[in-house]
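Bear in mind the structure is a predicted one, so any value in this text is a computation, not a measurement. Keep in mind that the numbers below use all heavy atoms, side chains included, and drop hydrogens, waters and symmetry copies.
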Amino acid sequence: MTFKVAVTRRPRLQLDVLRKPTLMAKTIPTTPRLNLDVLRKPTLKAKIIPTIAAEAVARNFLKITKANGRYTFDVDYSLLQQEAIVDAALATLAIRDRSVGYYKEVSVSSLLVSSLDADLQAIAALSGTGLARRTGANAWSLGAAVTNVELAQMPAWTFKANATAGSAAPTDIAIGGLANKPAPTTADLVLIQDQAAGGEWKQTTLGQLTSGVISGVASIGAQTGALTLNGGNLASTLLPVVRYDVAQTLTAGEKTQAQSNIGAQPAGNYQAALGYTPVNKAGDTVTGSLTISSGHLSATNGVVHAGPIVSGTPGDLSSVRVSAPTTGVIFLGNTGSRYLYWDGSNYNLPGGPLIANGYYQAVAVRLAYAADYTHARNAGLAEPYGGCVHTGASGPDFSGNIVFRYRYLQYQLNNGGWYTASYV
């Protein structure tokens with residue numbers, strides 16, 4: 001609060017009081033002091049300085065700080081007690097309503113409900129227990145058990161069940177999707193509907209089912225009663241069934257007919273036991289030695305064609321072409337081109353060189369040019385090029401020098417390479 005006093009020339013006292021908005025606090029005003037300054041001009045100025053009470057008290061979470069004659073009012077949230085809201089309807093907040101321009105006290109529960117959409121507000125308004133169902137736009141109701149219409153649609157010919165060994169959510173199961181037991185026992189269970197008990201669902205065992213309902217075969221081939229497994233026909237109760245568990249007495253005609261029915265040959269019409277495993281002429285694998293004591297081994301149009309025997313010495317391998325008896329061939333590879341053969345004049349091995357005793361064979365000789373060498377007059381013996389021979393000379397010239405031509409002596413082996421003779 002500030003007071004201003006102004007004295008003009010006229011004998012009139014003007015007092016202006018200006019108020020500044022401040023935080024609400026408990027203050028005790030005291031008697032104001034009046035200071036007067038006399039100026040040359042007939043003007044009177046006065047300043048009133050109010051004082052604050054000796055004690056300023058703040059409640060709850062307000063905090064007052066005094067420094068250099070100034071009081072500072074703050075909100076200290078650390079002074080609040082941290083606890084969960086027990087009842088949202090009893091817990092309140094100060095909210096500034098801009099539509100009216102001042103603060104209001106509202107409950108937390110009203111804020112929670114008013115901030116929800118219409119559907120959630122409708123759910124919050126429900127009371128009691130049960131299943132919540134949306135019956136329309138922003139409309140909900142409570143009901144009891146789930147109806148069949150509300151269940152998920154099931155595939156055709158299935159039922160809902162738990163086909164596992166533990167607890168699980170139900171699934172849609174087809175009978176064909178269950179585990180198969182190819183050899184059921186009499187203790188296995190079967191689901192039945194007891195029509196004598198008003199259609200109640202019950203269980204029974206396979207043993208009870210077969211003994212109570214499927215007690216036996218009604219008939220075989222229209223024959224009923226006790227059937228004898230021996231000769232006869234389906235026109236009587238003596239069934240023509242061949243047995244292997246006990247001996248049977250069959251007539252010669254019955255035996256012949258049985259052999260004809262199964263395609264068996266009568267005794268004497270088939271090869272007697274050989275006592276060994278024969279070789280199949282259509283193709284077979286021989287695991288032992290194959291000995292041919294006479295004749296020859298022939299594989300016409302096959303891989304091997306030995307032809308007629310031209311050598312009777314044991315251990316010899318004879319290979320003769322039937323179409324040209326004076327020639328022969330031995331296949332040495334799998335590419336179709338490496339054959340060692342005699343054409344009537346020479347041995348031939350196309351596709352690769354022939355090595356004898358670890359060495360290639362020489363097939364050609366040549367003298368390859370090396371150089372022309374000038375031998376000076378009175379010069380000593382010289383061999384400038386190893387493995388060479390003299391093939392020409394010119395001279396002597398006026399100085400007595402003679403020019404000799406040297407050529408390398410080279411051999412070509414059957415591996416295709418050329419090699420130069422060397423010193424020994």
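Taking the side-chain hydrogen bond (donor to acceptor under 3.5 Å, both in side chains) definition, one finds that Glu383 meets it with nothing, sequence neighbours left out. The side-chain hydrogen bond (donor to acceptor under 3.5 Å, both in side chains) check on Glu200 picks up nothing, with sequence neighbours excluded. In this structure, Asp397 has no salt bridge (charged side-chain N to carboxylate O under 4.0 Å, His left out) partners at least two apart in sequence or on a different chain. Partners of Lys181 by salt bridge (charged side-chain N to carboxylate O under 4.0 Å, His left out), not counting sequence neighbours, listed by chain and number: Asp188. Here Tyr408 pairs with nothing under the ring pair (Phe, Tyr, Trp, His ring centres under 6.0 Å) rule; sequence neighbours left out. In this structure Asp194 satisfies the salt bridge (charged side-chain N to carboxylate O under 4.0 Å, His left out) test together with Lys202, sequence neighbours excluded. Under the salt bridge (charged side-chain N to carboxylate O under 4.0 Å, His left out) criterion, Asp87 pairs with no residue, sequence neighbours left out. When the ring pair (Phe, Tyr, Trp, His ring centres under 6.0 Å) test is applied to Tyr369, no partner is found at least two apart in sequence or on another chain.
For residues 148-202, no pair satisfies ring pair (Phe, Tyr, Trp, His ring centres under 6.0 Å), with sequence neighbours left out. Within the structure, the salt bridge (charged side-chain N to carboxylate O under 4.0 Å, His left out) test picks out the following pairs touching residues 98-109 (sequence neighbours left out): Asp97-Lys104. Legend: salt bridge (charged side-chain N to carboxylate O under 4.0 Å, His left out) pairs involving residues 261-284, not counting sequence neighbours: none detected. Judged as a salt bridge (charged side-chain N to carboxylate O under 4.0 Å, His left out), the pairs with a partner in residues 141-169 (not counting sequence neighbours) are, in order, Arg133-Glu150, Lys160-Asp172.
The heavy-atom pair separating Ala393 from Ile402 by the smallest distance is CB-CG2, 4.4 Å. Heavy-atom minimum distance, Leu131 versus Val146: CD1-CG2, 3.5 Å. Summarising the geometry of Ala132 relative to Leu126, their closest heavy-atom pair is CB-CD1, 4.5 Å, with the distance given to 0.1 Å. In terms of heavy atoms, Trp140 sits closest to Thr135 at N-OG1, 4.1 Å. Across all non-hydrogen atoms, the minimal contact from Leu206 to Pro184 is CD1-CB, 3.4 Å.
Judged by distance alone, the side chain of Gln412 and the main-chain N or O of Gln410 form no donor-acceptor pair under 3.5 Å. Distance alone, capped at 3.5 Å, places no donor-acceptor pair between the Ser399 side chain and the Asn401 backbone. The backbone N or O of Ala252 sits less than 3.5 Å from a side-chain atom of Thr256, completing a donor-acceptor pair. A donor-acceptor contact shorter than 3.5 Å links the side chain of Gln193 to the backbone of Gly199. Looking only at distances, a side-chain donor or acceptor of Glu254 sits under 3.5 Å from a matching main-chain atom of Thr251.
Atom CZ of Arg96 has more than 12 neighbouring heavy atoms from other residues, nucleotides or ligands inside a 6.0 Å radius. Surrounding CD1 of Ile175 are at most 12 heavy atoms belonging to other residues, nucleotides or ligands under 6.0 Å away.
Residue Gln203 holds its CD atom at 12.0 Å from CG of Leu209, rounded to the nearest 0.5 Å. Rounding to the nearest 0.5 Å places CG of Leu367 at 12.5 Å from NE2 of His390. A distance of 10.5 Å separates CD in Gln361 from CG in Asn415, rounded to the nearest 0.5 Å. With rounding to the nearest 0.5 angstrom, the CD1 atom of Ile95 is 5.0 Å from the CG atom of Leu93. From Lys63, atom NZ reaches atom CZ of Phe73 across 13.5 Å, with rounding to the nearest 0.5 Å. Taking CD1 of Ile64 as the reference point, atom CG of Asp74 lies at 10.0 Å (rounded to 0.5 Å).
When side chains are defined from C-beta on, Leu409 counts as touching Val365, because their heavy atoms get closer than 4.5 Å. Asn138 is listed as a side-chain neighbour of Asp119, based on a closest heavy-atom distance under 4.5 Å. Between Val190 and Thr205, the closest side-chain pair of non-hydrogen atoms is not below 4.5 Å. Residues Thr129 and Leu142 are not in side-chain contact: their nearest non-hydrogen atoms beyond the backbone lie 4.5 Å or more apart.
The ring of Phe404 has its center no closer than 6.0 angstrom to the ring center of Tyr373.
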>> side chain to side chain contact (heavy atoms under 4.5 Å, CB included) for Val389 and Tyr406? Distances and angles first, verdict last.
In response: CA-CA 6 Å; Val389 296; Tyr406 288 85; over 6 Å; no
